[in-house]
Amino acid sequence: MKEKNSIHVFAPATSANFICGYDILGLALDEPGDEVILKKVDRPGVTITKITGDNGLLPLDSTKNTVGACVQMILDHLQRNDIGIEIELHKKMPIGSGLGSSAASTIAGLFAINQLLGEPLSRKELLPFALRGEELACGHGHADNVAPSLLGGITLIRSYQPLDVINLPVPSELCCSVIFPHVEVPTRAARQILRTQVELKKAAQQWGNIAGLVSGLFSNDYDLISRSLQDDLIEPARSILIPEFDAMRQITREAGALGFGISGSGPSVVSFTKGLDKAKEITEILKEHLKSKHIGSNGYSSTVNTRGAVVIS
Ligand code: HSE
């Protein structure tokens with residue numbers, strides 16, 4: 001592919017863990033997502049010229065910003081430091097929300113620089129750089145947001161060393177409702193509260209659920225998917241950081257969701273449904289419930305986004 005002078009890219013939000021698959025399962029959403037515009041300039045170096053939508057939270061220093069750092073990694077890797085890159089980052093989603101905000105920015109940057117340079121690397125070859133970006137943003141290089149944001153669909157991280165990422169089938173009617181209650185839970189903090197050791201009995205139950213979920217995705221078995229959407233390892237520790245968590249679970253159960261849990265490290269919660277209408281209904285009910293408790297929220301209803309990062313222009 002030919003090199004370009006400028007490019008505008010979108011990378012989608014993601015919901016990591018898929019309830020039972022801590023750090024190994026994730027899926028891409030239709031919306032929200034982040035956008036970057038990259039321009040080639042004569043003066044070598046990577047410069048962030050503009051960030052919008054971040055309420056001033058993100059660093060403009062390109063060595064500290066995950067987008068700038070990842071673009072620089074690719075230039076170093078390809079030995080293309082002869083050129084300069086100017087970056088605009090347009091955040092279109094809340095930060096620290098459990099929607100893979102840092103991952104969407106990282107992927108938008110990586111996908112954009114690779115397209116700008118004529119696609120020298122495959123999508124999967126970009127993933128190790130994305131892990132380093134996540135490490136910079138939240139202290140740990142987990143792949144369950146960056147992989148679905150880049151590749152689209154539902155992804156399984158079979159192994160981190162070596163990195164082995166697999167796209168799983170997406171049942172055609174599988175949809176989700178994601179609610180972001182307006183409280184902040186940084187991923188770094190939500191990881192620090194987790195125990196590093198687990199009881200063998202609970203681990204075995206979790207393996208059963210993960211295997212059941214993957215099997216249900218292959219066989220389009222919504223009942224099996226529903227039975228498998230349970231997390232006894234991570235949720236008990238993290239759910240206390242999320243307002244109205246138990247009440248929201250009860251509401252979604254009564255409304256007929258397949259399953260409910262924490263999206264990524266929270267505070268967003270995700271409900272899985274069969275059909276988009278059901279997802280929209282649940283989004284509205286949960287938003288209304290939070291409003292009645294004087295808690296503001298954003299709500300998104302989405303099919304599973306199978307495209308991942310895309311070029312806008
Ligand atoms: N798997 C990660 C976690 C996702 O649960 O901490 C963070 O978005």
Side-chain angles (χ1 to χ4, degrees), residues 9 11-14 16-17 22-24 26 28 33-38 45-78 80-81 84-114 116-117 121 123-151 155 157 160-163 165 184-194 264-266 308-309:
V9 155
T14 46
N17 298 344
Y22 175 71
D23 274 0
I24 63 164
D34 283 349
E35 293 176 21
V36 298
I37 299 169
L38 261 56
V46 174
T47 319
I48 299 179
T49 54
K50 191 193 258 188
I51 304 180
T52 63
D54 70 326
N55 290 327
L57 288 173
L58 298 177
L60 274 161
D61 177 344
S62 74
T63 60
K64 297 193 177 122
N65 181 299
T66 172
V67 183
C70 282
V71 167
Q72 185 63 60
M73 280 181 222
I74 296 292
L75 294 180
D76 291 344
H77 177 76
L78 298 172
R80 289 302 311 271
N81 281 307
I85 302 290
E86 284 184 357
I87 302 173
E88 282 182 26
L89 168 61
H90 299 287
K91 293 284 320 162
K92 306 261 168 132
M93 71 169 98
I95 294 171
S97 57
L99 286 159
S101 170
S102 59
S105 298
T106 300
I107 290 303
L110 283 171
F111 187 70
I113 185 67
N114 194 44
L116 198 73
L117 297 178
L121 302 171
R123 286 195 188 223
K124 277 202 174 167
E125 283 170 334
L126 295 174
L127 277 175
F129 300 97
L131 286 192
R132 285 162 62 192
E134 283 290 72
E135 202 168 343
L136 181 71
C138 56
H140 183 267
H142 55 91
D144 49 344
N145 291 114
V146 287
S149 184
L150 179 63
L151 306 171
T155 54
I157 322 298
Y160 275 84
Q161 282 176 333
L163 190 60
V165 178
E184 206 188 316
V185 179
T187 297
R188 204 182 283 263
R191 294 184 78 86
Q192 278 166 355
I193 61 168
L194 299 178
S265 55

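Residues meeting the side chain to side chain contact (heavy atoms under 4.5 Å, CB included) test with T187, sequence neighbours left out: C138, H142, R191, S265. Not counting sequence neighbours, K50 has no partner by the salt bridge (charged side-chain N to carboxylate O under 4.0 Å, His left out) test. Under the salt bridge (charged side-chain N to carboxylate O under 4.0 Å, His left out) criterion, E35 pairs with K92, not counting sequence neighbours.
Considering CG of L121 and CD1 of I113, their distance stands at 10.5 Å, rounded to 0.5 Å. Between the CG atom of L126 and the CG atom of L110 there is a distance of 5.5 Å, given to the nearest 0.5 Å. Rounded to the nearest 0.5 angstrom, E86 CD and L38 CG are separated by 10.0 Å. The distance from the CG atom of D61 to the CD1 atom of I48 is 7.5 Å, given to the nearest 0.5 Å. Here C70 contributes atom SG and L136 contributes atom CG; the two are 7.5 Å apart, rounded to the nearest 0.5 Å. In this structure, N114 CG and E125 CD are separated by 8.5 Å, a value rounded to the nearest 0.5 Å.
Using a 4.5 Å heavy-atom threshold, the side chains of T66 and L58 count as separate. Two residues are said to be in side-chain contact when any heavy atoms from C-beta on lie closer than 4.5 Å; Y160 and D23 meet this criterion. Residues E134 and H140 fail the side-chain proximity criterion, which asks for heavy atoms closer than 4.5 Å.
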Checklist entry - Would L117 and R80 count as a side-chain contact (heavy atoms from CB on, under 4.5 Å) if you check the C-alpha gap in whole Å, the side-chain angles of each, and the deciding distance to 0.1 Å? => result CA-CA 9 Å; L117 297 178; R80 289 302 311 271; 4.1 Å; yes
Item to check | Step-by-step side-chain contact (heavy atoms from CB on, under 4.5 Å) determination, I87 to I51 | outcome: CA-CA 9 Å; I87 302 173; I51 304 180; over 6 Å; no
Checklist entry - Could you go step by step and tell me if H90 and E88 meet the side-chain contact (heavy atoms from CB on, under 4.5 Å) rule? => result CA-CA 7 Å; H90 299 287; E88 282 182 26; 2.9 Å; yes
Next on the checklist: Determine whether I74 and L78 satisfy the following criterion, side-chain contact (heavy atoms from CB on, under 4.5 Å), listing intermediate values before the conclusion.
Outcome noted: CA-CA 6 Å; I74 296 292; L78 298 172; 3.7 Å; yes
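The two residues A112 and V36 have their closest heavy-atom pair at CB-CG2, 3.7 Å. The nearest pair of heavy atoms linking D34 to A104 is OD2-CB, 3.9 Å. The nearest pair of heavy atoms linking P59 to K64 is CG-O, 3.7 Å. For D144 against A16, the heavy-atom pair with the smallest separation is OD2-CB, 3.4 Å. Closest heavy-atom contact between N17 and Y22: OD1-CA, 3.5 Å. Shown here for V146 and A103, the closest heavy-atom pair between the two residues is CG1-CB, 3.6 Å.
Side chains of S105 and K91: a donor on one and an acceptor on the other come within 3.5 Å. With no hydrogens or angles considered, a side-chain donor-acceptor pair links N81 and D76 at under 3.5 Å. Side-chain N/O atoms of S149 and T14 include no donor and acceptor closer than 3.5 Å. In this structure, a donor-acceptor pair under 3.5 Å is absent between the side chains of Q72 and T63.
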